[in-house]
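Lettering follows sequence order; numbering is per chain, from 1.
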Amino acid sequence: MPLKNKKMSDNNIRVRFAPSPTGPLHIGGVRTALYNYLFARKHGGKFILRIEDTDQTRFVPGAQDYIIEAFKWCGIEFDEGVTKGGDYGPYTQSERKAIYKQYAEQLITSGHAYYAFDTSEELSVKRAAFEAEKKTFTYNASERLNMGNSLSLPKEEVDQLLSNNTPFVIRFKMPDEERVVMNDLIRGKVEVNTKVLDDKILFKSDGMPTYHLANIIDDHLMEISHVIRGEEWLPSLPLHVLLYRAFGWEEPEFAHLPLLLKPDGNGKLSKRDGDRLGFPVFPLQWKDPKTGEISNGYREEGYFPEAFVNMLALLGWNPGDERELFSLEELIEAFSIERVNKSGAKFDAEKAKWFNHQYLIKKSDKELAEAFAPILLKKGILADKVFVVKIVGLIKERATFVADLWDQSSFFFKRPEDYDKKAVKKRWKAASYNQMTELKEILLKTEPFTSENTEKAVKSWIEENEYGMGAVMNAFRLLVVGALKGPHLFDIIALLGQEETLERITLGLQELGRKE
RNA sequence: GGUCCGUUCGUCUAGUCAGGUCAGGACGCCAGGUUUUCAUCCUGGUAACACGGGUUCGAAUCCCGUACGGACUACCA
């Protein structure tokens with residue numbers, strides 16, 4: 001088992017989710033956060049939210065609030081972080097700016113990093129030149145001496161450049177040829193030779209650190225024990241490990257999560273896939289502040305947060321037995337990082353709906369009726385609460401979303417405005433008019449007007465007269481519902497009441513008339 | 001191109017670490033049943049170890065190779 005590190009056994013489990021506020025959080029990000037959260041809770045540790053906004057050019061207003069609101073909706077709680085506080089703050093990297101500079105300089109002093117003065121333009125010219133010769137330019141031991149930096153330039157010139165306030169970056173001095181052996185909790189041993197790695201920029205000319213530097217420093221300072229993040233970070237792992245070693249810091253455990261893939265074809269799930277295939281890619285609706293473009297969210301689509309979280313948790317992880325329905329508490333109990341899959345998972349919108357259906361039918365009739373109330377109100381329907389609760393109980397098995405409740409129950413609230421044409425053709429026969437007229441008399445005499453009583457009375461009347469059960473019941477349903485659908489008919493009329501049922505039959509008789 | 005990661009039914013996956021039941025479950029799909037209708041529900045069915053070598057009495061499982069897929073390859077995270 002890879003999880004034998006002492007950090008697993010003590011109470012110092014600290015994990016973080018560190019998004020950058022560049023837009024809405026997509027469901028892959030939510031899942032990463034969820035796994036971090038489950039891991040922290042499982043081990044009695046802390047879960048931290050840190051905002052990585054070192055790229056000032058990509059800042060999007062509202063993104064941070066969106067992220068926080070999304071987690072609130074999901075029921076994922078942070079112990080420390082932005083808006084929450086804690087002993088390791090500040091939790092926004094732009095507010096930690098001063099911290100990074102000194103560590104970058106420390107690396108220069110220790111010989112693990114150096115100043116570089118190459119401009120972006122010079123760099124792209126260099127890359128283009130290499131490419132023209134079918135070679136790959138790598139800014140590392142092989143080429144760094146041919147570039148403009150404090151390793152290649154005379155000391156006096158470097159000092160001159162620095163005192164002139166010439167823009168510079170700080171680069172990591174990647175060891176020439178060294179095997180770096182790393183461990184990943186999900187994938188096991190990963191090995192790479194530093195000769196294929198480059199001297200990554202740690203500190204940008206705008207005075208901000210890059211992700212690589214900031215994340216190492218913050219994880220160390222915040223005493224993060226386990227870094228659980230997306231697989232897209234795996235190629236950067238050697239750099240990060242080397243950085244810990246350069247600082248002389250103990251490195252955390254790492255776990256790189258498999259990607260969420262698009263449902264059709266291959267590749268990482270993206271915003272576009274949602275638009276294209278018609279399912280949300282984001283937890284909450286998002287309106288782009290620049291373009292005004294709206295992206296759909298699970299919340300707005302009608303998903304229950306419990307269903308959403310459950311569905312997400314099972315995408316890349318499973319408990320090892322055949323359970324599929326988990327509350328957040330049960331997920332915490334069952335979760336283990338070793339049971340996270342290695343390979344990417346294609347998102348399945350159909351299964352997502354199935355999860356929501358499961359949660360919907362599990363909810364009490366009362367709770368569903370309350371969720372249904374605003375929809376009824378919007379339709380201009382004022383209905384008795386008890387009445388709605390009973391209706392919901394009859395139809396909830398047929399619904400995936402709360403909004404479906406209306407399609408399944410509108411006939412309870414409104415008399416048929418028209419009668420399904422196909423149904424009329426199939427079920428409104430020559431005998432129907434007289435039979436329904438007789439039926440009215442039977443129902444008029446049935447007291448009390450319960451489902452059981454009416455069913456008994458109607459069925460024995462049918463038998464006595466040797467009418468066909470199917471013929472009578474379908475015509476009856478047609479008059480009451482307006483179509484051949486819906487739950488047990490006697491349950492429907494019991495809820496509708498005697499008066500309303502008789503009225504609907506009368507109106508239906510008028511409307512459909514005698515055939516022939 | 002280079003580096004790294006991955007590969008079991010259409011999809012999510014169990015089984016792989018400690019080789020040995022007709023490769024199990026769920027979603028979807030199909031069929032049958034129940035029913036006054038539709039939906040649900042119940043029962044059954046469909047369908048997979050990427051390929052090629054090797055090790056072994058025996059390989060989905062261990063080893064090597066190939067193919068395919070993905071991620072990364074910015075003064076973005």
| request: To the nearest Å, give me how far apart NZ (A:Lys351) and C1' (B:G25) are. | output: 9 Å

| message | What is the separation between atom CG on A:Leu202 and atom P on B:A77, rounded to the nearest whole Å? | response | 12 Å

| message | Distance check, C1' atoms only: B:C51 and B:G69, in whole angstrom units. | response | 15 Å

| query | When we call it a touch if two heavy atoms are under 4.0 Å apart, what does A:Arg323 touch: a base, just sugar-phosphate, or nothing? | reply | nothing

| request: Indicate whether OP1 or OP2 belonging to B:U7 is found under 4.0 Å from a side-chain N or O atom of A:Asn341. | output: no

| request: Just name whichever nucleotide pairs with B:C72, Watson-Crick or G-U, keeping both distances under 3.5 Å, else none. | output: B:G2

| message | Base, sugar-phosphate or nothing for A:Pro487? Non-hydrogen atoms, less than 4.0 Å. | response | base

| said: Is there, by distance only and without an angle test, a donor paired with an acceptor across the side chain of A:His488 and the base of B:U36 below 3.5 Å? | reply: yes

| query | Would you say a side-chain N or O of A:Asn318 is under 4.0 Å from OP1 or OP2 of B:U13? | reply | no

| request: Taking atom C1' in both B:G15 and B:C57, compute the distance separating them and give it to the nearest angstrom. | output: 23 Å

| query | Taking all atoms of both residues into account, what is the closest heavy-atom pair of A:Ile462 and A:Val472, and its distance? | reply | CD1-CG1, 3.7 Å

| query | Between A:Leu234 and A:Pro238, what is the shortest heavy-atom contact and its length? | reply | O-CD, 3.7 Å

| query | Which sits closer to the 5' end of RNA chain B, A:Trp233 or A:Leu259, going by the nucleotide each is nearest to? | reply | A:Leu259

| Is there a donor-acceptor contact under 3.5 Å linking the side chains of A:Tyr114 and A:Asp199? | yes

| message | Under 6.0 Å from the ring centre and within 45 degrees of the ring axis: does the NZ or CZ of A:Lys485 meet both conditions for the six-membered ring of A:Phe411? | response | no

| B:U16 pairs with, by Watson-Crick or G-U criteria that keep both distances under 3.5 Å | none

| task | Take A:Asp321 and A:Val192, find for each the nucleotide of RNA chain B with the closest heavy atom, and name the residue whose nucleotide sits nearer the 5' end. | result | A:Val192

| field | Residue matched to B:A67 through Watson-Crick or wobble contacts both under 3.5 angstrom | value | B:U7

| message | What is the separation between atom CD1 on A:Ile492 and atom C1' on B:A39, rounded to the nearest whole Å? | response | 12 Å

| B:U34 versus B:C29 - spacing of their P atoms, nearest Å | 22 Å

| request: Round to the nearest Å and state the distance from A:Tyr211 atom OH to B:C72 atom C1'. | output: 13 Å

| task | Could you let me know what B:A59 is paired to, Watson-Crick or G-U wobble, both distances under 3.5 Å, or none if it's on its own? | result | none

| request: Can you tell me the distance, in whole Å, between the NZ atom of A:Lys353 and the C1' atom of B:U40? | output: 17 Å

| Candidates B:C72, B:G25, B:C12 - which lies nearest the side chain of A:Glu322 | B:G25

| field | Nearest-angstrom distance from the residue atom CD of A:Gln358 to P of B:C41 | value | 8 Å

| Looking at B:C76, does its base get a donor-acceptor pair with the side chain of A:Arg58 below 3.5 Å? | yes

| field | A:Trp354 side-chain proximity, nearest of B:G28, B:C75, B:U37 | value | B:G28

| said: For B:A39 and A:Arg477 - does any side-chain N or O of the residue sit under 4.0 Å from the phosphate oxygens OP1/OP2? | reply: no

| task | Tell me what A:Asp420 touches on the nucleic acid: a base, only sugar-phosphate, or nothing, going by heavy atoms under 4.0 Å. | result | nothing

| Nearest to the side chain of A:Asp348 - B:U11, B:U36, B:A71? | B:U11

| said: Regarding A:Ser120, tell me which of base, sugar-phosphate or nothing describes its non-hydrogen contacts under 4.0 Å with the strands shown. | reply: base

| query | Applying a 3.5 Å limit to both distances, which nucleotide forms a Watson-Crick or G-U wobble pair with B:A77? | reply | none

| query | Distance between the P atoms of B:C62 and B:G19, in whole angstroms? | reply | 9 Å

| said: What contact category does A:Leu314 fall into here, base, sugar-phosphate, or nothing, at under 4.0 angstrom with non-hydrogen atoms? | reply: sugar-phosphate

| message | Need one value for A:Val190: base, sugar-phosphate or nothing, where a base atom within 4.0 Å counts as base even if backbone is also close, heavy atoms only. | response | sugar-phosphate

| Out of B:U11, B:U3, B:C5, which has the shortest distance to the side chain of A:Val196? | B:U3

| message | Can you tell me whether the side chain of A:Arg398 and the base of B:U40 have a donor-acceptor pair closer than 3.5 Å? | response | no

| query | Partners of A:Phe17 by ring-ring contact (aromatic ring centres under 6.0 Å, His included), sequence neighbours excluded? | reply | A:Phe71

| query | Angle class for the A:Phe254/A:His256 ring planes (parallel below 30°, perpendicular above 60°, tilted otherwise)? | reply | parallel

| query | What distance, rounded to whole Å, do you find between the two P atoms, one in B:U66 and one in B:G25? | reply | 37 Å

| task | Remember a base hit wins even if backbone is also touched, and classify A:Arg339 as base, sugar-phosphate or nothing at under 4.0 Å, heavy atoms. | result | sugar-phosphate

| task | Pick base, sugar-phosphate or nothing for A:Glu131, based on heavy-atom distances below 4.0 Å to the nucleic acid. | result | nothing

| request: Provide, to the nearest angstrom, the distance between the NZ atom belonging to A:Lys342 and the C1' atom belonging to B:U16. | output: 9 Å

| field | Between B:A60 and B:U13 - C1' atom distance, rounded Å | value | 14 Å

| query | Rounded to whole angstroms, how far apart are CG on A:Asp53 and P on B:C76? | reply | 13 Å

| message | Please tell me if A:Lys195 has a side-chain N or O lying less than 4.0 Å from either OP1 or OP2 of B:U3. | response | no

| request: Could you work out the separation of B:U61 and B:G54 based on their P atoms and round it to a whole Å? | output: 14 Å

| request: Select base, sugar-phosphate, or nothing to describe what A:Lys268 touches, counting heavy atoms under 4.0 Å on all strands. | output: sugar-phosphate

| request: Anything under 30° is parallel, anything over 60° is perpendicular, the rest tilted; go ahead and classify A:Tyr66 against A:Phe282. | output: perpendicular

| task | Taking atom C1' in both B:G10 and B:G28, compute the distance separating them and give it to the nearest angstrom. | result | 8 Å

| query | Using a cut-off of 4.0 Å on non-hydrogen atoms, how would the nucleic acid contact of A:Ser343 be classed: base, sugar-phosphate, or nothing? | reply | sugar-phosphate

| task | Return the nearest nucleotide to the side chain of A:Arg171; candidates are B:C75, B:C5, B:U13. | result | B:C75

| query | Quick one: which of B:U37, B:U36, B:A77 gets closest to the side chain of A:Ser236? | reply | B:A77

| message | Once you measure the plane-to-plane angle for A:His112 and A:Phe172, does it fall in the parallel (<30°), tilted (30-60°) or perpendicular (>60°) bin? | response | parallel

| task | Describe the nucleic acid contact of A:Val169 in one word from base, sugar-phosphate, nothing, applying a heavy-atom distance below 4.0 Å. | result | base

| Contact class for A:Gly316 (heavy atom, under 4.0 Å): base, sugar-phosphate, or nothing? | sugar-phosphate

| query | Counting only side-chain N and O atoms of A:Thr54, is one of them less than 4.0 Å from OP1 or OP2 of B:A77? | reply | yes

| query | Would you say a side-chain N or O of A:Lys204 is under 4.0 Å from OP1 or OP2 of B:A77? | reply | yes

| query | From A:Tyr139 OH over to A:Leu197 CG, what is the distance, rounded to the nearest 0.5 angstrom? | reply | 16.0 Å

| field | Mate of B:G32 where both pairing distances stay under 3.5 Å, Watson-Crick or G-U | value | B:C42

| query | Of all residues at least two apart in sequence or in a different chain, which pass the ring-ring contact (aromatic ring centres under 6.0 Å, His included) check with A:Trp461? | reply | A:Tyr467

